[in-house]
Every structure is written in structure tokens, then in C-alpha cells.
Amino acid sequence: MASRFAARLLLQRLSTLRRARGTSSILVASEAPADVGGGGLFSPPGPWSALGPRCVSRVSFSTRPSALDERQNPAAVDCRSLMSEEEFHNLADETIHDLLEKFEEYGDAIQVDGYEVDYGNHVLTLKLGSLGTYVINKQAPNRQIWLSSPVSGPSRFDWDATAKTWVYRRTKAALLQLLEGEVGQLCGELISLR
Amino acid sequence: MLRAAGRRFLRLGLEHRAPTAAVAARGYHERVVDHYDNPRNVGSFDKNDPTVGTGLVGAPACGDVMKLQIKVDDATGKIVDACFKTFGCGSAIASSSVATEWVKGKHMEEVLSIKNTEIAKHLSLPPVKLHCSMLAEDAIKAAVKDYEAKKAKLTAGNAETTQTEKVASA
């Protein structure tokens with residue numbers, strides 16, 4: 001009861017903040033709780049999980065440096081402005097649908113055994129037969145696109161509003177460029193995804 | 001989605017006792033099931049213990065949270081014990097369980113080179129579960145980092161105390 005009231009209060013505060021400052025400005029954790037000590041983070045997903053703001057509530061009331069080097073602080077709290085869920089879904093869906101189309105066209109143009117493009121439940125799967133499988137999906141709570149690659153393994157891309165691309169902070173790789181390079185090399189045929 | 005599908009297939013296999021090749025291929029790898037049924041090193045160390053490093057990674061909203069703790073021998077820098085607690089899917093549990101097994105007995109510098117790809121290969125994780133192995137790698141690094149931060153703080157604290165004592169006795 002108390003937590004639901006708190007949730008409503010937080011929501012009100014967030015919407016006031018958003019109205020006051022415009023589209024993007026709320027400081028929230030984009031990824032995870034801090035790695036040092038960090039007590040009290042093991043509460044089961046209760047009323048917060050629907051809002052997904054377990055991260056939000058922590059960072060709204062704490063101050064953290066905004067330029068955290070991800071390489072030294074794996075999965076640590078990172079304050080960046082959080083886009084709205086609707087905006088995220090629009091952006092991410094557009095990117096993934098675009099990829100779906102381009103992969104389908106690509107498949108028609110090349111000859112790779114076992115080439116298959118699958119899209120279900122907002123998860124895009126690109127099978128390249130024995131060359132491996134790519135899985136691309138949305139991770140809404142983090143506002144990220146997650147990629148699993150048979151070449152570079154798992155990576156998580158955040159939207160870079162300045163560059164207008166999805167970027168993996170640890171390696172600074174851009175999603176579309178990465179896929180172009182890897183898929184092009186695996187299948188032996190250039191692919192343009194941008 | 002795939003997590004649920006995997007579980008469904010596993011259950012199907014057990015119920016019908018004659019899993020088709022398709023079901024067997026989609027189920028969890030036997031090593032993952034083993035770690036799930038017989039997890040190694042589940043538990044907790046006192047995080048205030050100066051020889052303990054705690055790595056806490058992930059977020060409940062995203063589905064996985066891992067807490068991996070290491071107990072380090074100050075003199076040698078070797079990890080003498082490790083334990084974990086993970087909230088998440090079978091692959092996440094298995095990944096962190098494997099991580100605690102692999103760090104035991106190794107030097108702190110050595111465990112920093114444990115890669116998520118090795119964990120994923122050991123458990124035959126499917127593409128969609130590679131993220132779990134990455135989280136396990138992060139947990140190891142976070143635990144080591146925490147221990148080193150604590151040690152640095154303690155050393156700084158001791159240096160200060162010695163300074164104060166010197167001044168007091170002067």
C-alpha cells in the first residue's frame with residue numbers, strides 16, 4: 001500500500017519534472033546497481049517491476065558522476081537522461097524492423113546455407129546456418145538494444161541522440177556498422193544497413 | 001520468451017519420456033541443468049570482512065541479478081573461497097555458479113582474464129543467453145574491484161592513523 005502510494009508519488013514527480021524540463025532530462029540509472037557493497041538491492045521485484053524504475057528511484061535521490069568509464073565500472077550505475085518508454089519503443093522498433101527488411105532482402109541476394117530470418121515477440125533472429133546465429137532484441141528497462149553475435153558475443157547498445165545511432169559504450173561500436181562488418185565478412189557479400 | 005520455451009521443452013521431455021531430437025536440441029544443456037540442480041558455492045560472506053570482495057551486477061527489472069563474493073588471502077592475493085547468489089534464469093545461475101568454481105584457488109589478476117566466451121562455451125549457452133555469461137564475467141571483475149578498493153581504503157586509513165600517532169607523540 002505504502003509502496004503503491006510511493007510509486008504514484010514518484011510518477012507524479014517524474015511527470016512534473018518532465019513537463020518542466022522538456023523531453024529528456026531525468027537522471028536515472030541506465031543499467032544496474034553499483035558494484036561496491038550495495039545493500040538492499042535484492043528485494044524481489046514487487047510493485048516497482050511494473051514501472052521498471054528500481055533504478056530510477058535510486059538515482060533520483062543520489063548524486064553520481066555522469067561520466068563513468070564502463071570499462072572500469074562494469075554494470076555500475078550510470079546517470080544519463082532516460083528517454084520515455086514510448087520514444088524508446090518507437091526508435092528501437094524502427095531500427096529492428098529496418099534490420100528485418102534489409103536482412104530479408106540480403107538473404108534473397110546471397111547464397112548461404114541455412115539462411116533464415118525470424119521475427120517474433122520483438123526478437124529478431126538471423127540464422128546463418130553453420131556460420132552462427134544473431135539475436136537482436138529490446139531491453140526496455142535499460143532503453144537498450146541487446147545483440148548476441150557469434151563473432152563478438154553479447155553487447156548492449158544505447159541510443160546516442162547526437163550521433164543518432166545505437167552505441168555500445170564499452171567498445172564505442174555502433175550497432176549498424178558492427179552488423180554490416182560482421183555479416184558482410186561471414187557471408188562474403190557486402191551488406192548496407194544504414 | 002525463449003526462457004519459458006526452454007523450460008516448456010524440458011518439462012515436455014520429462015513428461016513424454018521420449019523427447020524428439022528437436023526437443024532435446026532446444027532444452028537446456030545438461031551442464032546448465034546440473035548447476036541448477038546442484039549449484040556450487042551458494043551462500044554469502046560478510047561483506048564488511050576486509051578479505052571479502054563483493055560484486056553485485058545486473059538489475060531485477062532486466063531479469064538477472066548476480067552477487068558474487070570472493071575471499072582473498074591478503075598475503076598472497078589468491079582467492080581462497082567464493083560464493084554466489086543469483087536471481088535469474090537457469091543460464092544466469094549456471095554462469096555464476098561456474099564463475100565461483102573457476103575463481104577458487106586462482107590469483108586475483110588471473111581471474112580478470114576469465115572471459116564470458118569461455119563460460120558460454122563450457123555451458124553451451126544458446127545465442128540468446130550469452131548475456132548471462134557476460135554478466136558473470138562482470139560479477140567477477142566487480143568483486144575483485146571491490147576487494148581492491150577496500151584494501152586501498154584500509155591502507156589509506158592506516159597511514160592516516162600512523163600520522164596522527166606520530167603527531168600526538170611528538
Side-chain angles (χ1 to χ4, degrees), chain A residues 29-46 48-58 70-77 120-128 132-137 139-144 146-156 170, chain B residues 1-5 44 46-49 52-69 85-88 91 95 112 115-121 125-150 152-153:
Chain A
S30 68
E31 197 160 333
D35 53 351
V36 182
L41 283 157
F42 257 152
S43 53
W48 293 109
S49 55
L51 295 166
R54 185 73 184 130
C55 309
V56 172
S57 62
R58 278 174 56 80
E70 269 248 348
R71 255 167 284 120
Q72 283 150 14
N73 249 328
V77 168
N121 282 5
H122 300 283
V123 178
L124 174 59
T125 310
L126 172 64
K127 296 195 186 134
L128 300 175
T133 301
Y134 283 85
V135 180
I136 301 165
N137 64 288
Q139 184 61 232
N142 283 355
R143 307 291 191 260
Q144 288 175 333
W146 281 16
L147 167 73
S148 172
S149 152
V151 177
S152 49
S155 28
R156 306 168 175 201
R170 288 191 204 192
Chain B
M1 175 209 56
L2 280 158
R3 210 184 301 164
S44 232
D46 176 11
K47 71 173 195 278
N48 296 318
D49 184 334
V52 168
T54 304
L56 183 60
V57 295
C62 307
D64 293 333
V65 183
M66 289 182 192
K67 181 175 78 157
L68 189 142
Q69 291 179 302
K85 275 194 180 174
T86 291
F87 164 79
S91 303
S95 297
L112 290 178
K115 297 244 108 249
N116 64 84
T117 41
E118 294 161 1
I119 301 176
K121 196 165 179 203
L125 295 182
V128 71
K129 292 297 177 186
L130 292 188
H131 295 284
C132 302
S133 62
M134 176 66 108
L135 207 56
E137 181 192 317
D138 287 350
I140 297 174
K141 295 196 157 78
V144 170
K145 197 171 147 65
D146 178 55
Y147 171 77
E148 293 187 326
K150 271 162 118 174
K153 230 176 168 180

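The shown structure was predicted, so the numbers you read here are calculated from the model rather than taken from an experiment. Computed over heavy atoms, backbone and side chain alike; hydrogens, waters and symmetry mates excluded. Chain A is the first sequence line, chain B the second, and so forth, proteins listed ahead of strands; every chain is numbered from 1.
Considering all non-hydrogen atoms of both residues, A:P154 and B:L130 come closest at CG-O, 3.5 Å.
Rounding to the nearest 0.5 Å places OG of A:S148 at 11.0 Å from NZ of B:K129. Taking CE of B:M134 as the start and CZ of A:R156 as the end, the distance is 7.5 Å to the nearest 0.5 Å.
When heavy atoms are compared at a cutoff of 4.5 Å, A:I136 does not approach chain B at all. Neither the backbone nor the side chain of B:N48 comes within contact range of chain A, judged by heavy atoms closer than 4.5 Å.
Under the side chain to side chain contact (heavy atoms under 4.5 Å, CB included) test applied with B:V128, the options A:T133, A:V135, A:T125, A:V123 reduce to a single match, A:V135.
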